[in-house]
Amino acid sequence: MKSKKLASTLRVLGWMGFYLLLSAPAFFMASADNNNSFVVRNARVFDGRNVLDQSDVWVENGKIKAVGRALKVPSSVKAIEASGDTLLPGLIDSHTHAWGDALKEAEIFGVTTELDMFTDAKYMQQVKKDQAEGKDLDMADLRSAGTLATAPGGHGTEYGMKIPTLSSPAEAQAWVDARIAEGSDYIKIVVDDASAYGSHRPTLDKETLKALVDAAHKRGKIAVVHIGTQSDAREVIEAGADGLAHLFADSAPEADFAHMVAAHHAFVIPTLDVLESVSGQASGESLTTDSRLAPYLTPDDSANLKRSFPKFSTAPSEKYAEETVAQLKAAHVAILAGTDAPNPGTSHGVSIHRELELLVRSGLTPQEALASATSVPASVFHLGDRGVITSGKRADLLLVKGDPTTDIRATRDIVSVWKLGVEDDRATYRASIEKAKQEAVQAAQAPPPSSEMSLISDFEDASPKAKFGTGWMFSTDSIAGGKSSGEMKIVDGGANSSKHGLDISGMIDGGLPYAWSGVMFSPGSQPFVPVNLSSKKSISFFAKGDGQTYRVLFFTASGGRIPSQQTFATTSEWKQFNIPFSAFNGTDGHDLSAILFVGGPTAGKFDFQIDDVKLE
Ligand SMILES: [Zn+2]
């Protein structure tokens with residue numbers, strides 16, 4: 001959607017690794033023992049299209065073996081009594097941006113397939129490799145567009161990831177072929193000049209759009225298009241796009257809009273969820289207080305669900321999109337449930353439950369809404385092995401209490417989630433979240449160091465120790481899947497003719513847009529325990545190096561896993577730097593939890609030294 005929408009989430013991605021240091025929920029494996037054969041007895045079964053009462057579903061070796069009443073199943077097969085409950089195909093979220101823990105979180109909330117609409121190609125490749133090897137059973141299955149198609153400076157280029165753009169129709173086929181070579185499952189295109197939000201941004205022209213759509217079709221790939229306005233939507237459908245990745249919120253649908261879409265046999269992923277947040281209302285807020293969901297939400301997820309986009313001068317309204325959904329339904333257009341997680345107001349997995357609710361509010365029946373998250377996307381995206389409960393399909397399943405075919409909110413009352421017949425360990429996940437929350441409370445009570453403490457390290461004892469808090473520790477993006485490396489060592493010849501300084505050197509791998517490698521100090525008794533340092537006003541240090549620019553990162557408890565940063569340029573001579581706390585996103589230091597000196601994200605070798613690190 002809107003320009004800054006992914007900026008913060010990409011930063012979340014970037015600092016996921018740090019977050020894992022903190023509390024690390026969800027780093028457990030789904031139990032891969034042989035219990036992926038079982039029979040669910042007497043459930044109400046929504047098979048992706050219809051409701052079957054009092055039915056059994058027999059799963060064997062990760063697939064659905066049989067569906068029917070009173071199935072004859074060997075007594076050795078584990079039976080799960082489910083009368084009163086409803087069994088559904090695992091949900092498919094048709095518009096997400098996946099990275100970090102996204103796919104794990106998705107599965108916890110019953111989403112067993114995510115159709116990603118723009119992520120880092122390397123991430124996509126790694127996940128697909130793991131999936132092909134039968135790993136990641138505790139993570140939603142990923143299909144991805146990889147990199148999106150946009151104009152130079154267009155939407156999608158603002159997140160810090162270097163992506164290949166294009167500016168003429170002649171480049172379209174090579175661009176599409178490069179995506180296919182990277183492993184993209186479909187092609188995502190952006191047509192949005194930001195006018196819907198009272199702004200301006202370059203976008204692809206009609207001819208390039210058309211050439212991209214044609215190029216995708218030439219290779220048998222679906223072309224999905226992000227649009228900003230109703231007139232964009234019309235233009236891309238007329239250009240032959242297969243579907244819209246969003247609806248528009250700039251205007252009420254023109255009377256013939258849905259008929260035009262239907263005449264072109266296009267599908268629509270409305271993403272009402274994110275459009276509600278675009279309209280200034282945090283779409284996910286109600287999810288954070290739902291006792292069926294809240295215990296599975298990390299503090300960061302909850303915080304994001306409570307966010308919305310800033311108010312735009314153009315006052316976009318999600319109500320227009322709801323009107324359009326009603327019109328599309330009447331015209332029998334395929335409607336797919338998608339959240340656009342993790343944009344403001346959304347979070348992976350959990351937000352599909354809100355999207356279903358909004359689709360029903362727009363006029364879909366609960367069964368139609370459920371189909372929009374199961375059989376419809378499976379059919380539209382040619383996922384022939386899922387989205388329905390019939391024999392031979394993947395045993396990606398969701399069991400909930402109650403009857404979501406009449407009360408859509410019942411999808412939230414999750415009993416079990418299975419991927420390929422392996423049950424997700426939601427209890428362990430929930431316990432890990434609970435533990436992390438308790439630790440955060442305890443950490444907030446840690447006593448501050450005495451106010452006289454000023455020097456962190458001068459390294460004169462020839463060690464990377466600190467006068468308080470933890471000593472200096474090495475930190476790289478390897479904990480977030482990166483390949484950057486490095487080391488720290490005490491070297492002779494510190495600042496001001498002192499004996500020693502700390503040298504930090506290594507190699508930044510360009511594989512991640514947020515790559516880092518460097519050293520970390522935490523002022524508390526343990527890494528990331530926040531400490532009240534509001535009696536200090538600035539950080540002072542000496543640095544020298546290879547001439548490159550380096551970064552100081554501040555983590556605060558209130559800032560969560562997203563650090564704020566300041567840069568400093570090195571020369572071959574020691575130079576003193578003094579940076580006020582306030583430069584770090586306005587903090588007063590009252591909940592400072594870590595300070596890092598790092599290289600990156602630019603790829604390549606780096607080498608710098610620090611000395612006399614003080615708080616003043
Ligand atoms: Zn999106």
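In each ligand, atom 1 is the first atom listed, and ligand 1 is the first ligand listed.
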- Which word best sums up how the rings of H246 and H95 line up, parallel for under 30°, tilted for 30 to 60°, or perpendicular for over 60°? tilted

- Query: With respect to V127, which candidate in K129, Q125, Q131 satisfies the side-chain contact (heavy atoms from CB on, under 4.5 Å) definition?
  - Reply: Q131

- Output yes if H226 passes the N/O/S-under-2.8 Å test against the Zn ion (ligand 1); output no otherwise. no

- Message: Would you say that more than 12 heavy atoms from the other residues, nucleotides or ligands in this model lie under 6.0 Å from the CG of D290, or not?
- Response: yes

- the Zn ion (ligand 1) to D340: nearest N/O/S atom name: OD1

- Query: Does E323 come within less than 4.0 Å of K319, counting only side-chain N to carboxylate O?
  - Reply: no

- Message: Report whether any nitrogen, oxygen or sulfur of H97 sits less than 2.8 Å from the Zn ion (ligand 1) (N, O or S, backbone or side chain).
- Response: yes

